[in-house]
Amino acid sequence: MNYYLGIDFGTSGARSAVIDSEGVIKSQGRYLFEDLKDNNLINSWEKGLWALLGGVSGEIKRQIKGIAINGTSSTVMLCDSIGKPIDSPLLYNYVCDAKVVEQIQQIAPPNHIVLSATSSLAKLVWMSQQAYFSEAEYFLHQADWLGFLMHGKLGISDYHNALKLGYDVETLKYPDWLLQWLQEKLQIPVKLPQVLAPGTVVGKLKMDVAAKFDFPQDCLISAGTTDSIAAFFASGANKPGEAVTSLGSTLVLKLLSSTRVEDSRYGIYSHRFPSFNQENQEALWLAGGASNTGGAVLKKFFTNSELENLSHQIDPKQTSELDYYPLTQVGDRFPINDPNLEPRLEPRPDNDVEFLHGLLESIARIEAQGYQLLQKLGADSLTRVYTAGGGAKNHTWEAIRERCLGVNIAHSNNTDAAYGTALLVMKGNREMRRIGD
């Protein structure tokens, strides 16, 4: 039996999932980072990786044929010539100075995804202005570096992680405007990573790592992905028009489309969707955006038990007349990209059931507005929505959302990004064998 290991690196910990050739989970693991201070992040990541590898039982690990890692998008770092980090990583939510974005605006196409203070390119430009930059030779994403620890090849990335660095996922190369600007204008000597399709086999697990953790010497390491894309893989959505809404602390939408949709004015961008075992197929795109509304607003007013009890008292067939824009603080990214957008949570009725009904329906309206915007900009028509995140458990909210969206809502096959990464490994390994045949 062949097994495949996917590892998900989040902000506070890491998870693993081993699946068999039928996609059935055989083993799972979890590691919480011990110290989240910036200067100890690297140690925490490395310890987490080794702990998860070591935590797989011997009977299972000796049959693992492939491994891949997903990381948080735009979490980046600089390394020297042997892969040693030269400073603390910059996390996905690190906001660069506005002057950095102004520099990028002078060269990048209008409304490009890199025109964000949190993009990988913005962080590279910011790093280039620091004293330690002269020691750097490689610019890597979190998943790139963790993959390097296993396969030993420096400077390898995937086109999901590289999107916010400016990599053109349509032509599958770095654009000339980016290369010329970095090399000639900014004179940045750092090597940009070589970009592969997610799931592409990079090489074998290093012999010393295989021996230490008793993995097969022919175990293959594949290029990874980002955490949100891995969660989409796990859902089971795979046809144009199918989407995944993540109802966590925030609201994240991803719609599979035959058309690429990009517009930084609305916080919208598209990932290339990897195709396996389908020759000559036109590229598919995962278009989406993320709003600051979501579960964090609900938990500001209600406990988990209150949410459950009050939800049972709501009639989801009835439309709430309350029109809110639920936010925990000023500003949203999508479908309204306005850092000064004020939360709208008034009037608040005395009846908590009515108040919660208004909140749930208002978030559902924002979700519907988001999908409408994606379709207006050219994405495929919405046909089905899978749901992930804690909000997926609220059946009342599901019925309200189904009414607002006008399409069927399905439950994701799985919501674990580690599981989605394991599926990516399995499909990538099968594709390699098919090509070899």
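We count residues from 1, following the sequence as given.
Atom-to-atom distance recorded for Gln372:CD and Leu382:CG is 9.5 Å, nearest 0.5 angstrom. Summarising the geometry, atom CG belonging to Leu298 is positioned 10.0 Å from atom OG belonging to Ser249; distances are rounded to the nearest 0.5 Å. Between atom CG of residue Leu251 and atom OG of residue Ser246 there is a gap of 8.0 Å, rounded to the nearest 0.5 Å. A distance of 10.0 Å separates NZ in Lys61 from CG in Leu5, rounded to the nearest 0.5 Å. A distance of 11.0 Å separates SG of Cys404 from CD1 of Ile363, quoted to the nearest 0.5 Å. Rounding to the nearest 0.5 Å places CD1 of Ile86 at 6.5 Å from OH of Tyr132.
Contact check for Glu135 versus Asp80: no side-chain heavy atoms found under the 4.5 Å cut-off. When side chains are defined from C-beta on, Lys191 does not count as touching Leu154, because their heavy atoms never get closer than 4.5 Å. Proximity of Phe148 to Ile156: side-chain heavy atoms (C-beta onward) are nowhere separated by under 4.5 Å. Side-chain contact between Leu49 and Phe9 is present, with at least one heavy-atom pair separated by less than 4.5 Å. Between Asn429 and Ser222 the shortest side-chain heavy-atom distance falls below 4.5 Å. Looking at heavy atoms from C-beta onward, Leu124 lies in side-chain contact with Phe133 at the 4.5 angstrom threshold. Within the 4.5 Å cutoff, the side chain of Thr250 has heavy atoms near those of the Arg333 side chain. Within the 4.5 Å cutoff, the side chain of Glu398 has heavy atoms near those of the His411 side chain.
Side-chain contact of Thr293 with Ser291: a donor-acceptor pair under 3.5 Å is absent, judged by distance alone. Side-chain contact of Ser21 with Asn2: a donor-acceptor pair under 3.5 Å is absent, judged by distance alone. With hydrogens and angles left out, the side-chain atoms of Asp332 and Tyr325 include a donor and acceptor closer than 3.5 Å. Counted by atom type alone, Ser362 and Arg344 present zero donor-acceptor pairs between their side chains at under 3.5 Å.
Side chain of Glu262 to backbone of Ser270: a donor-acceptor contact under 3.5 angstrom is found. Of the possible donor and acceptor atoms, none in the side chain of Asn40 sits under 3.5 Å from a partner among the backbone N and O of Asn43. A donor-acceptor pair is defined here as one N or O able to donate and one able to accept, closer than 3.5 Å; such a pair exists between the side chain of Tyr419 and the backbone of Gly23. For Lys26 (side chain) and Tyr3 (main-chain N/O), no donor-acceptor pair under 3.5 Å exists by modelled atom type. Using modelled atom types, no side-chain atom of Trp285 and backbone atom of Ala379 make a donor-acceptor pair closer than 3.5 Å. A donor-acceptor pair under 3.5 Å links the side-chain atoms of Ser16 to the main chain of Gly29, judged by distance alone. Remark: the backbone N or O of Tyr371 is paired with a side-chain donor or acceptor of Gln375 at under 3.5 angstrom. Glu367 places no side-chain N or O within 3.5 Å of a backbone atom of Leu405 that could act as its donor or acceptor partner. Between the Trp397 side chain and the Leu360 main chain, a donor and an acceptor come within less than 3.5 Å of each other. Looking at Ser412, its side chain does come within 3.5 Å of a backbone N or O of Thr387 through a donor-acceptor pair.
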Name every donor-acceptor pair, under 3.5 Å, that has one atom in a side chain of residues 223-234 and the other anywhere in the protein, sequence neighbours excluded.
from: Thr225; atom 1: OG1; to: His160; atom 2: ND1; distance (Å): 2.8

Show the atom names and distances, to 0.1 Å, of all donor-acceptor pairs under 3.5 Å that link a side chain in residues 91-104 to residues at least two apart or in another chain.
from: Asp97; atom 1: OD1; to: Lys99; atom 2: N; distance (Å): 2.8
from: Gln103; atom 1: OE1; to: Gln129; atom 2: NE2; distance (Å): 3.0

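Atom CZ of Arg15 is surrounded by 12 or fewer heavy atoms from other residues, nucleotides or ligands within 6.0 Å. For Arg384, the CZ atom sits in a loose shell: 12 or fewer heavy atoms of surrounding residues, nucleotides or ligands are nearer than 6.0 Å.
Listed here is the closest heavy atom pair of Ile409 and Glu402: N-OE2, 2.9 Å. Shown here for Ala364 and Arg401, the closest heavy-atom pair between the two residues is CB-CG, 3.8 Å. Residue Trp145 comes nearest to Cys79 through the heavy atom pair CD1-SG, 3.7 Å, listed as atom of the first residue, atom of the second, then distance. Closest non-hydrogen pair, Val195 versus Ala162, comes out as CG2-CB, 3.8 Å. Closest of all the heavy-atom pairs between Phe301 and Leu359 is CD1-CD1, 4.2 Å. A pairwise comparison of heavy atoms in Pro216 and Ala210 identifies O-CB, 4.1 Å as the closest pair.
Under the side chain to side chain donor-acceptor pair (under 3.5 Å) test applied with Gln142, the options Thr72, Asn70, Thr75 reduce to a single match, Thr72. Here the rule is side chain to side chain contact (heavy atoms under 4.5 Å, CB included) with His151, and of Leu205, Val202, Ile67, Leu220 only Val202 fits it.
Using a cut-off of 4.0 Å between Lys/Arg side-chain N and Asp/Glu carboxylate O, Lys123 and Asp87 are scored as not salt-bridged.
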Discussion item. If you apply the rule side chain to side chain contact (heavy atoms under 4.5 Å, CB included), what do you find for Ile42 with Met77, and how did you get there?
Written reply: CA-CA 10 Å; Ile42 291 295; Met77 58 201 298; 3.1 Å; yes
Fill in: Candidate pair Leu53 and Val209, rule side chain to side chain contact (heavy atoms under 4.5 Å, CB included), full reasoning
CA-CA 9 Å; Leu53 291 182; Val209 177; 4.2 Å; yes
Worksheet entry | Step-by-step side chain to side chain contact (heavy atoms under 4.5 Å, CB included) determination, Lys164 to Leu121 | CA-CA 7 Å; Lys164 295 179 183 177; Leu121 181 59; over 6 Å; no
Practice prompt. Give the intermediate values and the outcome of side chain to side chain contact (heavy atoms under 4.5 Å, CB included) for residues Leu182 and Leu192.
Written response: CA-CA 10 Å; Leu182 291 179; Leu192 298 181; 3.9 Å; yes
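Between Tyr174 and Tyr167, the ring-plane angle classifies as perpendicular under the 30° and 60° cut-offs.
In summary, the aromatic rings of His271 and Tyr269 are positioned with their centroids under 6.0 Å apart.
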